[in-house]
Amino acid sequence: MACRNLVSTNMGVRFRVPLQKLHPLSRAIHHRYSGNSNPQRAPHRTAARYFTSMSRLPMRPPKPPPGSGGRSYQQQRGFWVARLAARLLKLRYILLGSAVGGGYTAKKTYDEWKDMLPDFSEYNWVIPDFVWELSEQIDFDKLAKALPEMEEIAKLLPDLDKIGENFTFLKSLVSSGDGWLLSLLLLLPVSHYDVPQQGLLGELILIQQQIQRHEEEVRRAAAANNARPPPPEPAPSPPPNPSPPQQKRKVKVPTHLNLPYPTKLKYQRMLERLEKENKELRKVVLQKDDKGIHQRKVKKSLIDLYSEVLDILSDYDSNYNTQDHLPRVVVVGDQSAGKTSVLEMIAQARIFPRGSGEMMTRSPVKVTLSEGPHHVAMFKDSGREFDLTKEEDLAALRHEIELRMRKSVREGQTVSTETISLSVKGPGIQRMVLVDLPGVISTVTAGMASDTKETIFSISKAYMQNPNAIILCIQDGSVDAERSIVTDLVSQMDPQGKRTIFVLTKVDLAEKNLASPSRIQQIVEGKLFPMKALGYFAVVTGKGSSGESIDSIKDYEEDFFQNSRLLRDGMLKAHQVTTKNLSLAVSDCFWKMVRESVEQQADVFKASRFNLETEWKNNYPRLRELDRNELYEKAKNEILDEVISLSQVTPQHWESILQKKLWERVSTHVIENIYLPAAQTMDSGTFNTTVDIKLKQWTDKQLPHKALEVAWETLQEEFARFMAEYKGKDQDDIFDKLKEAVKDESIKRHKWNERAMDSLRVIQHNALEDRSITDKPQWDAAIQFMEETLQSRLKDTESVIRDMVGPDWKQRWWNWKNRTPEQHIRNETKNELERLLKLHDDHTAYLANDEVTTVRKNLEGRGVEVDPVLIKDTWHQLYRRHFLQNALSHCNLCKRGFYYYQRHFVDSELECNDVVLFWRIQRMLVITANTLRQQLTNTEVRRLEKNVKEVLDDFGEDMERKSHLITGRRVQLAEDLKKVREIQEKLEAFIEALHKEK
């Protein structure tokens, strides 16, 4: 009650509207300070008086009346002990009654105080949801102990006297005819959080005083001139097609208030300043909300959900004629008409590259505008945020947009159809989706592709033919209207003007250059151009300098319209000027179109989804609906499994393959360049010396390279073999092209570790220098290896000789084959050379010149003309066969020569140095195969697996390559199904969020 008595009775404000319809500021400061609402309730002071336990209790009994005698007195006196006890008992009851009465009085006083408090349950909506969730996570008992004392809190309480004065003034505003100013204040988007009330009320007081002074001057002037008051000025008409929420918020200016334009503009500036302060408060609130102690689940905004749907649709190529008819704002205009400048003013940042007369917009740019605590921009496919309040980030953003535009343009073209998706967030930005298109041109200039004009027309028509697209037609006001191209194009796409908003730019230049300003009035009234529109706006986008900031352009625009006779003389209406009014109108039209058409588009995609699902069930009933990316992941796992299977190859398998392949690669060199030349020597010392020299040269220059080539080829063959074997087990043939490309690219990228070559050279050199055969099995293995090698070479040599001389008499008889003249000559030459070998069994590998002459003359004597070169070629093959036959015979003799080898062939005519050579070669092959196997299993298989992973990752990022390697109707159908489902789901989520916002 003490706090209640401090409040004056005139501080109560009785609003004539329900509390739910008041502005949050009004709801926050509305308390029940009015009189007691229950007139029957007794004041608490009287209640305290009635229920006081000590209310006039008699301290002693009254005297007896006269005539009663003294007997009674004597009786009382005789029982003084009883009377004393009664007095003491009576005092006990007095104390007990006082305690009970005091408790009841305190309870009733507490109930009265409780009834005086307002019903705070009506204000639960003011508190955000996350506050109620805090009670489950925060210990409020600990928090209460940490709070300051009541004396410290009392110092922070507001001055109730000043609040009472402000409420009195607000009540006078509501009760008077000038309540429209308070309504304007309530329309401002004030946050539910701390608001500086004193600053707002001070502004209202100043506005009220100015209005009163002006009304007083008008009344005095009217009384002096005895004239009627001037006709009321009509309220400015709202923007075209306002949304239902805005229709409810329209403010009707009283007709008796006839203010001149400067005063109106002054009031408008005050309101804009208040709104700017409010925007800063909203920004602070959003920042606190982002950085709060309670991290709420992040939900995408309504415009972000809608923008995602448009992004998916831009990449969707439907085979079922499902067209994209979702609304967006399409910005079209002639080149250099100011399209980009208007868009920048709406986005409140200079985000687009600029040029003087040069075509800068080379591809469509989709800009999603939304409100946020920070003024930032971000590309759809990038995580970088550009801070639009910093000039270096703005420059980087403009540069990135220009690079993306140039990158999207194909070689030989000037413009591109690929869309660049960009989102811009910031405080006070209107939510909408705009698409900036390349400017329409009339002439193709030098450096442009010949079809540039037609391409721009086709891009513009493709976006404008959407029946739900809002066309923002930009017309340059500084040029003659007859030179406009875009107006004819827009009138063709929207003849009735049901979704077109006309914007006249550069009005400052138009007013300066035009001799008749009424021509501007004809344009904004829709009387000059053949096109029709929902609304007409006039804006100023700066002085033409690329270095101007958005704030300076806004100030320039405001100053221009303040001093312009277009607005002063009534040629333009107040709601038709400034880019701010334009953005509000465009946003209203956009959301109205969205609400009217989005559910119909959702039904269209639902039908398309049903068609696609039906086709899949009929054609691929047993297969899952895997799109291209999912199929690629499946193929990727299969390929990696095949690579891992290389590590399961046994060491014995690796070594046997490597040894076999390496000998096939080097056997010709060993026989032709080492063994045959050394065998021509006369003694064992010369043989061993020749062998050592040639082996050293071979090891230093060729052998390590050959070994590494064999190892790399073996790895490739095993990799291909495993992939081929894996293909037989449930392999999907849709992956064949992909696996082949991955295998080829991995092998191409794989480089053998060159450092292994040096160590391999040392190992091979040491192995070839060793001549000590330790036991008889090694000796027998060397003889077997030598015998197999010689037999294989002898077989090859005999085959060559047969081809040289042609079929023998048996083949000619049974197969009816004849020799060619050249084969006949070679056969005669062979016979002559065989007679020479029989005469000289130990002949050298080469024929002397006189021997060649002798053979030639002998053949000429038999009528066979032969060339000396042919004689030498035939001799080479015959001698080779003769040598190999003798070597095989010697090999059989050396089978029992291990005993003589241990004694170094002392006192023995048998010398088996050739067996020792083949043992050295065989041991080198075994050691080399073992070394290569270790390098394969320990290093190269893992490096190959790493290369395969890198190739798969690179292919996975290249959508064009994936589309080329994984093809077919099955893949395309799964892709369409995924896209349609994603579009439908996002549309349904957007529609649900849209209904919740309503």
Side-chain angles (χ1 to χ4, degrees), residues 241-246 297-330 364 366-371 380 419 421 423 430-435 461-472 493-494 498-500 534 586-618 625 627-630 972-998:
N241 286 344
S243 60
Q246 279 205 346
K297 183 179 179 180
V298 179
K299 294 183 178 179
K300 293 183 179 179
S301 64
L302 196 64
I303 191 65
D304 290 335
L305 290 174
Y306 187 76
S307 179
E308 286 184 358
V309 176
L310 296 182
D311 288 336
I312 299 172
L313 283 173
S314 64
D315 300 332
Y316 175 59
D317 183 14
S318 174
N319 294 326
Y320 286 85
N321 297 323
T322 304
Q323 298 179 359
D324 174 16
H325 287 167
L326 289 176
R328 69 261 286 164
V329 181
V330 180
K366 181 177 77 68
V367 184
T368 303
L369 302 178
S370 59
E371 189 176 16
K380 178 189 72 172
T419 304
S421 184
S423 63
Q430 298 298 318
R431 302 178 303 168
M432 67 185 90
V433 177
L434 302 100
V435 181
K461 288 181 179 180
Y463 278 90
M464 288 191 294
Q465 69 184 3
N466 179 0
N468 297 320
I470 299 171
I471 304 173
L472 195 62
M493 307 308 297
D494 184 24
K498 294 182 179 180
R499 52 189 180 90
T500 301
L534 285 172
V586 173
S587 179
D588 290 339
C589 293
F590 170 75
W591 286 108
K592 180 180 179 182
M593 190 71 76
V594 168
R595 291 185 176 93
E596 291 176 353
S597 61
V598 67
E599 293 187 0
Q600 180 182 0
Q601 289 296 304
D603 294 337
V604 172
F605 282 101
K606 186 176 181 180
S608 176
R609 174 178 177 176
F610 175 78
N611 295 337
L612 293 171
E613 289 176 344
T614 303
E615 182 181 354
W616 184 274
K617 290 178 182 178
N618 293 332
E625 300 166 1
D627 60 10
R628 184 172 281 108
N629 291 330
E630 293 170 336
Q972 189 60 43
L973 187 59
E975 285 281 309
D976 292 344
L977 259 174
K978 178 184 177 181
K979 288 288 185 182
V980 170
R981 284 173 180 164
E982 187 177 7
I983 293 170
Q984 184 188 0
E985 291 172 0
K986 290 191 177 294
L987 274 176
E988 290 175 354
F990 171 74
I991 293 172
E992 182 181 358
L994 188 64
H995 290 329
K996 288 182 180 179
E997 189 180 67
K998 289 182 180 180

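If you read the sequence from its start, that first residue is 1, and numbering goes on from there.
Across Met432 and Val586, no two heavy atoms sit closer than the pair SD-CG1, 3.7 Å. The shortest heavy-atom contact between Leu305 and Ala993 is CD1-CB, 4.1 Å. The shortest non-hydrogen separation linking His325 to Pro467 is CD2-CD, 3.6 Å. Taking both residues in full, the closest heavy atoms of Leu534 and Lys498 are given as CD1-O, 3.2 Å, listed atom of the first, atom of the second, then distance. Here the closest non-hydrogen pair linking Val980 and Ser608 is CG2-OG, 4.0 Å.
Going from atom OG of Ser587 over to atom CD of Gln430 covers 4.5 Å, rounded to the nearest 0.5 Å. Considering CG of Leu612 and CD of Glu975, their distance stands at 12.0 Å, rounded to 0.5 Å. Atom CG of Leu973 is separated from atom CG of Asp627 by 11.5 Å, given to the nearest 0.5 angstrom. Expressed to the nearest 0.5 Å, how far CD1 of Ile991 lies from NZ of Lys996 amounts to 13.5 Å. Taken from CD in Gln465 to CD1 in Ile471, the straight-line distance is 10.5 Å, to the nearest 0.5 Å. Going from atom CZ of Arg328 over to atom NZ of Lys366 covers 8.5 Å, rounded to the nearest 0.5 Å.
By the 4.5 Å heavy-atom criterion applied to side chains, Leu302 and Trp591 are counted as neighbours. Residues Ser597 and Pro327 have side chains in contact (heavy-atom distance under 4.5 Å, counting atoms from C-beta outward). Looking only at side-chain heavy atoms (C-beta outward), Phe990 and Leu326 stay at 4.5 Å or farther from each other. Considering only heavy atoms from C-beta on, Ile303 stays 4.5 Å or farther from Leu369 through its side chain.
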Query - Criterion side-chain contact (heavy atoms from CB on, under 4.5 Å) on Asn468 and Arg499, from CA distance to verdict - result: CA-CA 8 Å; Asn468 297 320; Arg499 52 189 180 90; over 6 Å; no
**Report entry** Evaluation steps, side-chain hydrogen bond (donor to acceptor under 3.5 Å, both in side chains), between Gln972 and Asp976
**Finding:** CA-CA 6 Å; Gln972 189 60 43; Asp976 292 344; 3.3 Å; yes
**Report entry** CA sep, side-chain torsions, deciding dist, call: Glu599, His995, side-chain contact (heavy atoms from CB on, under 4.5 Å)
**Finding:** CA-CA 11 Å; Glu599 293 187 0; His995 290 329; 2.9 Å; yes
Report task. I would like to know whether Phe605 and Val309 meet side-chain contact (heavy atoms from CB on, under 4.5 Å); could you show each step before the answer? Result -> CA-CA 12 Å; Phe605 282 101; Val309 176; over 6 Å; no
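Around CD of Glu596, the count of heavy atoms belonging to other residues, nucleotides or ligands within 6.0 Å exceeds 12.
Screening Lys986, Glu982, Arg981, Glu988 for a side-chain hydrogen bond (donor to acceptor under 3.5 Å, both in side chains) involving Gln984 leaves a single residue, Glu988. Of the residues listed (Asp494, Ile470, Val330), the one engaging Thr500 in a side chain to side chain contact (heavy atoms under 4.5 Å, CB included) is Asp494, and it is the only one.
Note on ring orientation: taking the six-membered ring where Trp is involved, the planes of Phe590 and Tyr306 are perpendicular (angle over 60°, cut-offs 30° and 60°).
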